[in-house]
Amino acid sequence: MSSPLKKIKPSGKADDSFFAAVYEVVRQIPRGRITSYGAIAEALGSRSSARMVGWAMNGAHQVQPSVPAHRVVNRQGLLTGKIHFATPTQMQELLEAEGVQVIDDQVQDFQQLFWDPKEAANW
DNA sequence: CCCATGACCACAA
DNA sequence: ATTGTGGCCATGG
């Protein structure tokens, strides 16, 4: 079990929907780190599928184990998805609780805290 | 079945 | 730098 991601890659057919793959990747995001929708999509092989990543997050709340959707922001490091959380401040508070500074829905040192899913990918 | 929307991103002008 | 448009796939009316 050295490979946390294992075979989430669509080699052949989608055993686990694109959604499942997204959830897997999001769970790999280290605490105090963040990534972007596009980065996840690109890591999955579909650079342009960033929209689906966000769409997948829409149901992440009811998915187990818990998916740290608050660690996923847009390309600008902006908390675009905060509106989908229980409260408009939930996402920011979760990030700040992990040491991520957020000002005006903007992640500080975004580029520095950015975590590339490809780094964890074992392919 | 067709149309519209969506937690996005990249490119062209 | 800003604006507009296309694309991606899924879900809902």
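Only this structure's heavy atoms are used, side chains among them; waters, hydrogens and symmetry mates stay out. Chain letters run A, B, ... following the sequence lines, proteins first, then strands; residues in each count from 1.
- Cluster annotation: A/Phe18 is connected to A/Val72 through the hydrophobic network of ILVMFWY side chains, with a link wherever side-chain heavy atoms come within less than 4.5 Å.
- By the 4.5 Å heavy-atom criterion applied to side chains, A/Leu44 and A/Val25 are counted as neighbours.
- Atom C1' of nucleotide C/dG7 and atom OH of A/Tyr37 are separated by 19 Å, given to the nearest angstrom.
- Atom CZ in A/Phe18 sits roughly 14 Å away from atom C1' in B/dA7 (whole-Å rounding).
- Between B/dA10, C/dT11, B/dC9, one nucleotide has an atom nearer to the side chain of A/Trp55 than all others, and that is C/dT11.
- The distance between atom CG of A/Leu78 and atom C1' of B/dC9, rounded to the nearest whole Å, is 14 Å.
- In this structure, A/Leu44 atom CG and B/dC8 atom P are separated by 17 Å, rounded to whole Å.
- Taking every side-chain heavy atom of A/His84 into account, B/dA7 is the closest of C/dC8, C/dT11, B/dA7.
- With rounding to whole Å, A/Ile40 atom CD1 is found 13 Å from B/dA10 atom P.
- When the nucleotides B/dC9, C/dG7, B/dA7 are ranked by their closest atom to the side chain of A/Arg75, B/dC9 comes out on top.
- Distance, A/Gln76 CD to C/dT2 C1': 12 Å, rounded to whole Å.
- Between A/Thr80 and the phosphate of B/dC8, there is a side-chain N or O to OP1/OP2 separation shorter than 4.0 Å.
- When heavy atoms are screened at a 4.0 angstrom cut-off, A/Ala60 is found touching no nucleic acid atom at all.
- A donor and an acceptor atom sit less than 3.5 Å apart, one in the side chain of A/Arg51 and one in the base of C/dC8.
- When atom types are taken as modelled, the side chain of A/Thr35 and the backbone of A/Asp116 share no donor-acceptor pair closer than 3.5 angstrom.
- Nucleotides C/dT3 and B/dA7 are separated by 22 Å at their C1' atoms, to the nearest Å.
- To the nearest angstrom, P of B/dT5 lies 17 Å from CG of A/Asn58.
- Distance check on atom P: B/dC3 versus C/dG6 gives 16 Å, rounded to whole Å.
- If you take CZ of A/Phe110 and P of B/dC9, they are 8 Å apart, rounded to a whole angstrom.
- A salt bridge between A/Arg71 and A/Glu98 is present, with a side-chain N of the basic residue lying under 4.0 Å from a carboxylate O of the acidic one.
- In this structure the side chain of A/Pro68 reaches within 4.5 angstrom of the side chain of A/Val26, judged on heavy atoms.
- Checked against C/dC8, B/dC9, B/dA7, the side chain of A/Ser36 finds its nearest nucleotide in B/dC9.
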